[in-house]
> 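Quick one: the structure is below, and I'll ask about it shortly.
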Amino acid sequence: MNSLRGRLILLVALAITPMAAMTVLTGLREREHAIEVARENLQRVANLAAANEAQSIEGARQILRDLSSIPDLLGNQEDCSVLLSDILSKNTDYVNFGLIQLNGDVTCSAVASVGLVNLADRVHFRRAVAERRFIAGSYVFGRVIGRHTINLTYPVIKSDTVVAVLFAAMDLVELDKFVLDVQLSPGSVLWTVDGEGTIISRRPDPAAWFGKPITPQLRQAAALLPKVPIVLTDDDGVERLYAFARVGKPDISDYTVMIGIPYEEIVAAATRDQLIAIVGLVATITLALLAAWFGGDVLIVRRVQTLASTADRIASGSLDTRTGMRYENEEISRLARSLDEMAQALQKKELERDAAAASLQAADRRKDEFLAMLAHELRNPLAPISSGAQVLRMAHADNPAVARTAEIIARQVEHMTRLIDDLLDVSRVTRGLVKLNRQPLDLRSVVEDAVEQAYPLFKSKRQQLELDIPDTPMGINADHKRMVQVVANLLNNAAKYTQEYGHIRVTLQRDGAVVRLVVADDGIGMAPELVTRVFELFTQAERTSDRSQGGLGLGLALARTLVTLHGGSVRAESPGLEQGSSFTVELPYEELPAAVPPGGTAPTPDTERRPGRLRCLVVDDNIDAAQTLALFLEAAGHDVYVAHRAAEGLELARAHAPQVCFLDIGLPDIDGNQLAQRLRALPQTAQAQLIAVTGYGRKEDQERSIAVGFDHYFVKPMDTTKLVNLLSVLMPETAH
């Protein structure tokens with residue numbers, strides 16, 4: 001068993017053993033399944049036959065019911081016989097219709113009789129009178145018509161009293177035709193018996209069996225009416241699988257349909273299939289063992305030895321080794337191809353490994369530089385903030401020192417905020433969370449706003465800024481805030497890498513369907529390798545160790561991403577170190593509507609000059625929280641009105657028309673969301689800014705409040721810096 005050939009034989013034997021067991025087991029299961037399927041099919045056929053016969057009897061009941069309602073039925077005997085004769089001519093399944101008086105005399109009949117016929121001794125007649133309902137009688141030999149029949153009777157009731165009984169005689173030959181569509185295999189039998197076990201239908205050879213009793217074991221089984229077919233041995237010695245079905249509900253009949261199929265016929269097909277499977281299994285085992293013995297050596301063993309030898313040489317370092325095998329469409333050939341391709345790929349990877357190692361070292365170095373730079377940049381603002389706090393504590397309200405300290409704190413906090421905002425913007429943009437609010441804009445106004453933001457940096461380095469902006473509008477479809485951010489980042493980058501008294505030039509022009517913005521400087525320039533990756537995250541040119549300008553290398557990466565989102569492009573160029581740089585942004589041109597001014601928004605008629613005070617309404621049932629917020633707003637120079645209930649807030653809103661409303665959500669009378677809706681409905685506060693101030697911080701709470709009309713949402717305790725920024729934005733837009 002140490003050879004591959006021996007193991008192949010063992011593998012074949014092990015593989016075939018479960019197959020052999022499964023073949024035997026499957027044969028047994030198929031035999032059981034065949035019997036189960038036969039039981040289901042046989043029961044379904046019995047139910048079908050019973051349903052057909054029940055339908056026939058139900059039709060008779062309907063005819064008799066309709067006849068019982070005819071007023072003249074009990075009148076003239078001759079007229080009655082004519083009526084029933086007419087009914088009989090239209091219903092060929094029946095051999096007679098008649099009317100039985102309570103004494104048993106047949107006084108009206110569709111078929112004329114030789115003399116007076118009395119049926120008082122018939123069970124079906126007595127039951128119809130006693131039970132006052134339709135009765136399907138047992139087998140009888142008709143006294144009027146002289147045929148094998150079953151009598152179907154129905155009482156005629158007048159004034160809640162049975163006055164006569166109608167009957168319909170059905171020929172058993174006609175009853176048998178309702179099961180002719182049931183296809184039976186040779187040797188099968190179909191019986192229909194009445195409640196006394198007398199045969200009223202039988203296939204095959206029905207005429208010879210009419211009126212005869214069934215065997216005791218069949219009658220006993222019919223009385224039990226088993227739900228699933230059972231195996232019984234008939235008088236002819238044949239073992240049959242019998243199914244039983246009642247003909248209709250108990251109020252229709254007490255007949256039973258029985259169908260028997262030879263049991264041997266059911267299992268014969270499964271036995272034949274099992275024998276064929278065993279023969280096929282023996283042939284399969286023989287061929288498999290021969291194939292494993294003779295074919296394994298030529299088709300597998302030798303070729304595997306070749307593959308193993310090639311793999312050993314490759315493992316030893318001979319990457320130019322190949323199998324030399326011809327590739328065919330089978331597994332070993334695919335393995336040979338894969339082995340050859342692996343050797344080729346290893347050769348290529350070996351060449352790329354050194355380059356990848358160098359690149360990895362460079363990336364790791366940039367990462368270390370970034371972490372060091374980030375730590376340094378975050379420490380820089382903390383030092384002057386700490387010093388300023390120390391001066392404030394020592395100055396004891398000395399106004400010059402307080403002013404200088406406040407200036408330092410404000411400048412450093414602004415610097416830290418800008419760094420963090422850049423990090424957050426990059427995170428949001430790279431994750432696809434930025435939603436552009438695009439509208440027709442004049443790119444000239446964007447440049448003006450960006451210059452206004454970057455101007456303090458130009459001033460601090462005494463740099464000269466030159467603007468070459470045309471008089472004609474430069475229309476684009478863009479988000480004003482994001483485009484200002486793009487241009488401001490380019491201007492800040494130019495200022496950082498340009499020496500004092502340097503020159504920066506901004507050029508704006510239209511070139512066909514493109515608007516082109518160029519920011520050029522005469523600063524330190526860029527090496528060619530830096531130009532190719534200047535827009536990557538955390539990439540910066542070399543600067544001095546004092547890091548006086550700050551930055552994380554995010555601005556240009558953020559600018560490129562935002563320009564790309566606008567459908568534009570940005571590129572960098574530099575002749576070389578100390579020769580300056582230029583950044584070019586190209587955006588699709590769009591004709592501006594006549595109503596859009598350079599700022600990108602429609603003009604507002606009769607705009608008044610607005611002072612810097614706001615009328616504020618604070619509604620909060622927490623008295624301390626309301627008073628603290630009111631003091632903060634008053635210290636900022638605004639007029640404040642305070643209410644602790646929603647109703648008080650509505651009264652103050654009507655009286656003072658506040659421009660900004662700070663509303664708690666959990667108020668005692670109505671909640672803040674309902675209060676916001678009511679404030680929106682008031683003419684005094686329809687245009688006011690509604691700000692939610694609440695302890696509910698879940699996302700669904702915020703979405704619900706924004707949906708009902710809130711403009712902003714703050715979670716307690718409030719972020720005062722964010723609030724100051726919001727008020728500074730609202731003052732020029734809301735105050736009047």
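What's counted below: heavy atoms across the whole structure, side chains too, no hydrogens, waters or symmetry copies.
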> Would you call Asp511 and Arg516 a salt bridge, using N to O less than 4.0 angstrom?
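Looking at Asp511 and Arg516, the cut-off is met.
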> Going by the rule side-chain hydrogen bond (donor to acceptor under 3.5 Å, both in side chains), which residues pair with Arg505 if we only count those two or more places apart in sequence or in a different chain?
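Partners of Arg505 by the side-chain hydrogen bond (donor to acceptor under 3.5 Å, both in side chains) criterion, ordered by chain and then number, come out as Glu466, Asp468, Thr507.
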> Ignoring hydrogens and angles, tell me if any N or O in the side chain of Asp639 forms a donor-acceptor pair with the backbone of Arg615 under 3.5 Å.
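No: the side chain of Asp639 does not pair with the backbone of Arg615.
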> So, taking the atom named CZ in Arg246 and the one named CG in Asn47, what distance separates them when rounded to the nearest 0.5 Å?
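Answer for the CZ-CG pair, Arg246 versus Asn47, is 12.5 Å.
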> Could you tell me the separation between the CG atom of Leu629 and the SG atom of Cys616, rounded to the nearest 0.5 Å?
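If I round to the nearest 0.5 Å, the distance is 8.5 Å.
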> So does Asp471 get a backbone contact from the side chain of Arg444, meaning a donor-acceptor N/O pair under 3.5 Å?
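Side chain of Arg444 to backbone of Asp471, a donor-acceptor pair under 3.5 Å: yes, one is there.
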> Could you tell me whether Asp621 and Arg645 have a side-chain N and a carboxylate O separated by less than 4.0 Å?
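No salt bridge links Asp621 with Arg645.
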> Run the numbers on Asp479 and His566 for side chain to side chain contact (heavy atoms under 4.5 Å, CB included), then give the verdict.
CA-CA 8 Å; Asp479 185 315; His566 282 86; 3.8 Å; yes
> Apply the test side chain to side chain contact (heavy atoms under 4.5 Å, CB included) to residues Leu663 and Leu679: give CA-CA distance (whole Å), side-chain angles for both, the deciding distance (0.1 Å), then the verdict.
CA-CA 11 Å; Leu663 309 179; Leu679 289 173; 3.6 Å; yes
> First locate atom CD of Gln702, then atom NE2 of His712, and finally report the distance between them rounded to the nearest 0.5 Å.
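Result: 11.5 Å between the selected atoms.
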> At their closest point, which heavy atom of Val514 faces which heavy atom of Glu586, and how far apart are they?
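Residues Val514 and Glu586, closest heavy atoms: CG1-CB, 3.6 Å.
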> Do Ser460 side-chain atoms and Leu457 backbone N/O form a donor-acceptor pair below 3.5 Å?
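Such a contact is found between Ser460 side chain and Leu457 backbone.
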> I'd like to know if the side chain of Asp521 reaches the main chain of Gly580, judged simply by a donor and an acceptor atom lying under 3.5 Å from each other, with no hydrogens or angles considered.
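No; zero donor-acceptor contacts below 3.5 Å.
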> Tell me whether Asp251 is salt-bridged to Lys249, with the criterion being a basic N under 4.0 Å from an acidic carboxylate O.
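Salt bridge absent between Asp251 and Lys249.
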> Would you check if the side chain of Asp671 reaches a backbone N or O of Leu667 as a donor-acceptor pair within less than 3.5 Å?
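Such a contact is absent between Asp671 side chain and Leu667 backbone.
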> Measure from the side-chain N and O atoms of Asp442 to the backbone N and O of Gly475, and report whether any donor-acceptor pair falls under 3.5 Å.
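Not confirmed, Asp442 side chain does not pair with Gly475 backbone.
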> Are Arg510 and Tyr589 in a cation-pi setup, meaning NZ or CZ lies under 6.0 angstrom from the ring centre and within 45 degrees of the ring axis?
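Pair Arg510/Tyr589 counts as cation-pi.
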> Are Met526 and Gln579 side-chain neighbours, meaning at least one heavy-atom pair lies under 4.5 Å?
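No. Closest side-chain heavy atoms not under 4.5 Å.
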> Assess whether atom CD of Gln677 is packed by more than 12 heavy atoms of other residues, nucleotides or ligands within 6.0 Å.
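More than 12 heavy atoms, drawn from other residues, nucleotides or ligands, come within 6.0 Å of this atom.
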> Can any side-chain N or O of Thr561 pair as donor or acceptor with the backbone N or O of Ala557 at less than 3.5 Å?
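Yes; judged by distance alone, with no hydrogens or angles, the pair exists.
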> At what distance, to the nearest 0.5 angstrom, does CG of Asp664 lie from CG of Asp620?
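That separation rounds to 4.0 Å.
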> Is Arg571 reaching over with its side chain to a backbone N or O of Thr584, donor-acceptor style, under 3.5 angstrom?
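No, the answer is negative, given that no donor and acceptor are paired below the 3.5 Å cut-off.
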> Rounded to the nearest 0.5 Å, what separation is found between the CG atom of Leu675 and the CG atom of Leu617?
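One finds 8.0 Å between CG of Leu675 and CG of Leu617.
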> Tell me whether His644 contacts the main-chain N or O of Ala626 through its side chain, where contact means a donor paired with an acceptor under 3.5 Å.
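Not at all, since once roles are kept as given, no pair shorter than 3.5 Å links the two residues.
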> To check you understand the geometry: which heavy-atom pair defines the closest contact between Gln499 and Asp522, and what is its length?
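Residues Gln499 and Asp522, closest heavy atoms: NE2-O, 3.4 Å.
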> If every non-hydrogen atom of Arg613 is compared with every non-hydrogen atom of Gly637, which pair is closest and at what distance?
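Minimum heavy-atom contact is NH1-O, 3.1 Å.
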> Are Ser705 and Ile665 side-chain neighbours, meaning at least one heavy-atom pair lies under 4.5 Å?
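Answer yes - side chains close enough.
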> Less than 4.5 Å apart, any side-chain heavy atom of Val693 and any of Tyr713?
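No; the side chains remain at least 4.5 Å from each other.
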> Find out whether Val660 and Leu730 are in side-chain contact, i.e. whether some heavy atom of one side chain is under 4.5 Å from a heavy atom of the other.
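Contact flag for Val660/Leu730 side chains = yes.
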> Of the non-hydrogen atoms in Ala647 and Asp669, which two are nearest, and what is the gap between them?
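So the minimum-distance heavy-atom pair works out to N-OD2, 3.1 Å.
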> Which atoms form the tightest heavy-atom contact between Pro440 and Glu590, and what is the distance?
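Looks like CG-OE2, 4.2 Å.
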> Shortest non-hydrogen contact from Ser574 to Val531?
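In terms of heavy atoms, the two residues are closest at CB-CG2, 4.2 Å.
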> Going through the distances and angles, do Phe535 and Val570 end up as a side chain to side chain contact (heavy atoms under 4.5 Å, CB included)?
CA-CA 9 Å; Phe535 292 107; Val570 59; 3.7 Å; yes
> With sequence neighbours left out, write down each residue that passes ring pair (Phe, Tyr, Trp, His ring centres under 6.0 Å) with His656, or none if nothing qualifies.
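With neighbours one apart ignored, the set is Tyr641.
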> Give me the one residue out of Gln464, Arg462, Gln463, Lys461 that meets side chain to side chain donor-acceptor pair (under 3.5 Å) with Tyr501.
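The side chain to side chain donor-acceptor pair (under 3.5 Å) with Tyr501 is passed solely by Arg462 among Gln464, Arg462, Gln463, Lys461.
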> For the atom pair CG (Leu690) and OG1 (Thr685), what is the distance rounded to the nearest 0.5 Å?
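One finds 7.0 Å between CG of Leu690 and OG1 of Thr685.
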> Please examine the side chains of Gln43 and Lys227, heavy atoms only from C-beta on, and report whether any two atoms are closer than 4.5 Å.
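Side chain of Lys227 against side chain of Gln43, heavy atoms only: no contact under 4.5 Å found.
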> Walk me through whether Ile691 and Asp711 qualify under side chain to side chain contact (heavy atoms under 4.5 Å, CB included).
CA-CA 6 Å; Ile691 302 175; Asp711 299 292; 5.8 Å; no
> Any side-chain heavy atom of Asp701 sitting closer than 4.5 Å to one from Thr694?
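Not in contact.
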> Taking 4.0 angstrom as the limit, do Arg654 and Glu651 come out as a salt bridge?
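Here Arg654 pairs with Glu651 in a salt bridge, since their nearest N and O are under 4.0 Å apart.
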> Are the side chains of Phe583 and Leu491 in contact, using a 4.5 Å heavy-atom criterion?
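Of all side-chain heavy-atom pairs linking Phe583 with Leu491, none is under 4.5 Å.
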> When you measure from the side chain of Ser359 to the backbone N and O of Ala355, does any donor-acceptor pair fall under 3.5 Å?
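Not a single qualifying donor-acceptor pair exists.
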> Using distance alone, with no hydrogens and no angle criterion, decide if His480 and Asp449 have a side-chain donor and acceptor under 3.5 Å apart.
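Indeed, the side chains of His480 and Asp449 share at least one donor-acceptor pair under 3.5 Å.
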> A side-chain contact here means heavy atoms from C-beta on lying under 4.5 Å apart; do Gln689 and Leu614 qualify?
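No, their side chains stay 4.5 Å or more apart.
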> Is a side-chain donor-acceptor pair under 3.5 Å present for Gln485 with Asn489?
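The answer is no; no qualifying pair exists.
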